[in-house]
Amino acid sequence: MNETNLSYWEYKTWLSNINFTIIGSGIVGLSCALRLRTKFPKAKILILERGMLPNGASTKNAGFACFGSLSEILDDLNSHTEAEVLRLIQKRYQGLQLLRQHLGDQIIDYVQYGGYELFTTHDKILYEDCLSKIEQINSLLKPIFKSDVFCSKENIFNFNNIQPKYILNQFEGQINTGQMMEALQQKAQNSNIKILNNCTVTNFEDNNTAVEIKTDKFTFSTHKLLIATNGFASQLGIKQVKPAYQRDISS
Ligand SMILES: Cc1cc2nc3c(=O)[nH]c(=O)nc-3n(C[C@H](O)[C@H](O)[C@H](O)COP(=O)(O)OP(=O)(O)OC[C@H]3O[C@@H](n4cnc5c(N)ncnc54)[C@H](O)[C@@H]3O)c2cc1C
C-alpha cells in the first residue's frame with residue numbers, strides 16, 4: 001500500500017490538520033499524548049506505531065515498579081553527582097506514583113512485595129562492593145523515602161549459584177505491564193487520541209512551520225512532532241539516544 005491508496009476521506013479524517021504527532025505507542029508515547037490532551041483539549045493528536053501492538057520494551061518488560069537497584073545506583077554514581085542521582089531517583093519515584101494515581105492500583109495490579117537483587121557466584125567483587133555501600137546509599141536516599149531503602153537478606157528462596165545474600169529494596173513494587181499498557185491505550189482512545197498501528201515512520205523533515213513525516217505507507221504533515229521511540233531512535237537518524245547495551249559495549 002502507498003499514499004495513492006488513501007481516499008480523500010481517509011486522508012482528510014486521519015491525516016490532515018494534525019497538531020501533534022507522536023512516534024511510538026509505548027508508555028512514554030501514550031503518556032505524552034495524554035498529557036498533551038490535558039494541556040490542549042481541542043488539539044488533533046495522532047500516534048504512529050510500527051507494531052500491531054506496541055512493539056517495544058513497554059509490553060515486554062519484567063513488570064517491576066522500580067527506580068534503581070543498588071548496583072544500578074552505584075553505577076549511576078560513576079557518571080553523575082550525588083545530587084543528580086538523587087534528582088533522577090526522585091523523578092522516577094514520582095513518575096511511579098503518578099502512574100498509580102492515573103490508572104489505579106487495581107487496574108495495573110500494583111503490589112509492593114519489594115524487589116531483590118541477586119548476585120551470581122561470579123559477581124563477588126560487585127556483591128561485596130554493594131553490601132559495603134548499603135548504608136551510604138540509604139542515607140543518600142533518606143530525603144526521598146524517609147527510611148532505609150536497602151537491606152541484605154538471607155537466601156530464603158534457596159536459589160543456586162548465587163552469593164549468600166540478596167539485597168532487598170523494600171519500596172519496589174510489581175505491576176501487570178499488559179494491563180497497564182491496555183489501560184493507557186483505553187485512556188488515549190477515550191481522550192480522542194488516534195493511534196495508527198502497523199505504520200513505521202521512515203523519515204521526517206522539519207521545515208520550520210511544519211514537519212513532513214514519511215511512513216512506509218503514506219506521507220503527511222504535522223505541526224509538531226514528538227519522538228518516543230526509545231532505543232530505536234537511531235533508526236530515525238537520532239544518534240544521541242543509545243540503548244543501554246550499546247553504551248556498555250562502547251565504554
Ligand atoms: C527485557 C526488559 C525488561 C525490563 N524490565 C523493566 C522492569 O521490570 N521495570 C521497569 O521499570 N522497566 C523495565 N524495563 C525498561 C522499560 O520497559 C522501558 O524503559 C520502557 O518501557 C520504555 O518505554 P518507551 O515508551 O520509552 O519505549 P518502548 O516501549 O520501547 O516504545 C517505543 C515504541 O516506539 C515504536 N517505534 C520505534 N520506532 C518506530 C518507528 N520508526 N515508527 C513507528 N513506531 C516506532 C516501537 O514499536 C515501540 O512501541 C525493561 C526493559 C526491557 C527491554
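Just follow the structure's listing: the first ligand is 1, and inside any ligand the first atom is 1. Atoms considered below: every heavy atom in the structure, side chains included; atoms not considered: hydrogens, waters and symmetry mates.
Contacts of ligand 1 (protein heavy-atom distance under 4.0 Å) are I23, G24, G26, I27, V28, L48, E49, R50, P54, N55, G56, A57, S58, K60, N61, A62, G63, F64, C66, C199, T200, V201, A228, T229, N230, F232.
A centroid separation of less than 6.0 Å is found between the aromatic rings of F40 and F20. For F145 and Y93, the gap between ring centers is short of 6.0 Å.
Applying the side chain to side chain donor-acceptor pair (under 3.5 Å) test to pairs two or more places apart or on separate chains, those with a residue in residues 21-32 are T21-T222, S25-E49.
At a cut-off of 3.5 Å, with distance as the only test, no side-chain donor of R87 or Q90 sits close to an acceptor on the other residue. No hydrogens or angles considered: a donor-acceptor pair under 3.5 Å links the side chains of S71 and E117.
The aromatic rings of F157 and Y116 lie perpendicular to each other, with more than 60° between the two planes, well past the 30° mark.
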